[in-house]
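Below: one structure, written as structure tokens.
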Amino acid sequence: MTEGTGGSGGQLWAGRFSVAPAPEAHALGRSLAFDARLAQFDVEAGVAHVRALQDAGFLTPVEAGALEEALADVGNEIAEGRFAFDDADEDIHSAIERAVTDRLGDLGAKLHAGRSRNDLVVADLRLWLLAAGRRIDALLASLVVALVARAREHAETVMPGTTHARFAQPVTLGHHLLAHGWAFARDLERFAEWAVRTSTSPLGAGATATSTLGLDPDMTAARLGFHRAFRNSIDAVSDRDFVQEFLADAAICATHLSRLAADLARWTDESLGWATLDEAYSTGSSMMPQKRNPDTAELARGKAARVAADFVAVAALLQGLPLGYHRDLQEDKEPAFDAADTLELVLPALTGAVATLRFDTDAMRAACASEGLYATDLAEALVRDGVPFREAHRRTGELLKRLASEDRGLAGLDDDEWAAFGVPGGSRMLDPDASVAARTMAGGPSSASVRVQADALAAVIAERPINP
Ligand code: ARG
């Protein structure tokens with residue numbers, strides 16, 4: 001039994017108990033295997049709490065200094081892998097408090113006054129997620145920067161734009177790449193807005209009803225870099241919006257990553273042959289010597305499933321849970337860690353794949369010989385001449401149907417036939433450069449629009465709010 005904890009089994013709460021926990025109950029409750037990742041923030045929150053106790057007159061400056069030093073020592077031991085966890089340690093919070101008490105005896109026993117693991121675990125997890133959010137922000141920004149760079153290189157590269165994965169209308173590769181970029185810019189914005197709400201300190205809320213010790217939650221919040229302190233102690237220990245919202249934002253981001261990955265897999269498919277993944281981002285086959293597989297893209301696509309599942313796990317956990325702390329809430333951490341880890345794994349890999357992707361611009365241009373890509377341009381040429389669109393659409397469709405039945409195409413029409421159709425010189429419109437150049441409107445695929453768009457997106461990234 002650990003000295004000073006009383007009762008049985010060495011638990012911090014053992015005083016009220018006569019028997020130690022059943023080993024299987026202890027095994028079920030023990031969260032150290034995953035919550036040890038909170039150690040650094042548990043120490044920081046502990047130091048802020050020590051100062052609150054000192055401000056309130058419960059610790060002398062010397063005592064506070066000794067507690068801070070012991071907390072820092074324990075934190076270093078954990079960080080360096082030298083810390084001896086005890087079998088009785090339930091979680092990282094109890095392990096750290098127990099170790100401080102092992103060092104300082106009666107003084108260590110003063111640490112937990114006015115504090116509960118219920119408010120502490122929320123403080124730790126908020127700080128952990130805010131730090132992860134800052135890393136994800138930097139990784140997302142790098143991905144957008146890579147997309148903008150590739151888009152600028154390919155502002156003039158024509159390719160068939162698709163709907164239903166079928167050739168639709170010519171676009172530029174730069175335009176398509178920036179479409180992914182804007183999605184990630186929204187992810188950055190979502191994470192930044194989430195961070196503002198998440199920057200709320202729960203410390204001082206205690207188990208559920210604050211304390212009688214006159215601690216100052218605003219001061220503790222400021223010491224930890226939080227924007228504000230809780231407004232309601234029951235909400236402070238019950239609220240896991242910050243976890244659920246992080247997971248929602250992460251799931252949306254992972255969805256965007258999967259859609260970019262799907263384009264990489266499709267473009268590099270040999271039946272299309274529009275791009276090649278660099279060898280460093282491809283994999284071979286254990287059996288077929290010729291293979292170069294797009295595993296990086298496929299895994300980036302597949303990982304979106306687990307991030308969505310992480311969100312669903314926490315949504316289900318919280319639904320219908322009465323207010324107040326429940327041990328159920330211990331289940332919030334693994335999904336949160338998993339989603340952050342997954343984004344931190346996928347983002348750099350996909351950024352590297354994008355930055356090193358080799359585009360076959362000749363193959364993309366050759367694919368633009370598909371005449372159907374220009375059908376809408378022809379219909380719009382008729383509209384510019386006053387033909388109602390529905391009629392222009394029908395006339396163009398009928399022309400295509402007749403040509404197909406005659407086993408020829410638009411390229412075979414002579415000047416008289418073009419004039420009869422109502423678009424004199426129409427053959428000049430069967431050209432991807434002309435088609436794209438005619439779309440100079442803002443947000444369109446012309447090279448000029450792509451350059452404006454690339455500058456705008458780069459500015460959004462450069463000027464984005466800094467996560468608190
Ligand atoms: N390990 C716990 C968790 O992650 C810490 C809070 C424990 N509180 C309690 N009342 N048992 O939620």
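All of these numbers come straight from a predicted model, not from anything done at the bench. Order of appearance sets the numbers: ligands from 1, and atoms from 1 within every ligand.
Looking at Glu189 and Arg186, no side-chain N of the basic residue comes within less than 4.0 Å of a carboxylate O on the acidic one, giving no salt bridge. Checked for salt-bridge contact, Glu90 and Arg98 miss the test: no charged N lies under 4.0 Å from a carboxylate O.
Annotation for ligand 1: atoms under 4.0 Å from non-hydrogen atoms of Ser31 are 1 (N). Within the listing of ligand 1, atoms 3 (C), 4 (O) sit less than 4.0 angstrom from a heavy atom of Val121. Close approach to Asp91 involves these atoms of ligand 1, each under 4.0 Å from a residue heavy atom: 1 (N), 2 (C), 5 (C). In the vicinity of Lys333, heavy-atom distances shorter than 4.0 Å reach the ligand 1 atoms 3 (C), 4 (O), 12 (O). Annotation for ligand 1: atoms under 4.0 Å from non-hydrogen atoms of Gln330 are 1 (N), 2 (C), 3 (C), 4 (O), 12 (O).
For His176 and Trp274, the ring centers are positioned 6.0 Å apart or more.
Judged by the shortest distance from any of its heavy atoms, Glu90 lies outside the 4.0 Å radius around the atoms of ligand 1.
Of the protein's non-hydrogen atoms, the one nearest atom 10 (N) of ligand 1 is Asn118 OD1, 3.1 Å. Protein heavy atom nearest atom 12 (O) of ligand 1, with residue, atom name and distance: Tyr325 OH, 2.4 Å.
Aromatic ring orientation, Phe246 versus Trp194: tilted (interplanar angle from 30° to 60°).
Both tests hold for Arg37 against Phe337: distance to the six-membered ring centre under 6.0 Å, angle to the ring axis within 45°.
If you check the side chains of His112 and Arg115, you find a donor sitting under 3.5 Å from an acceptor.
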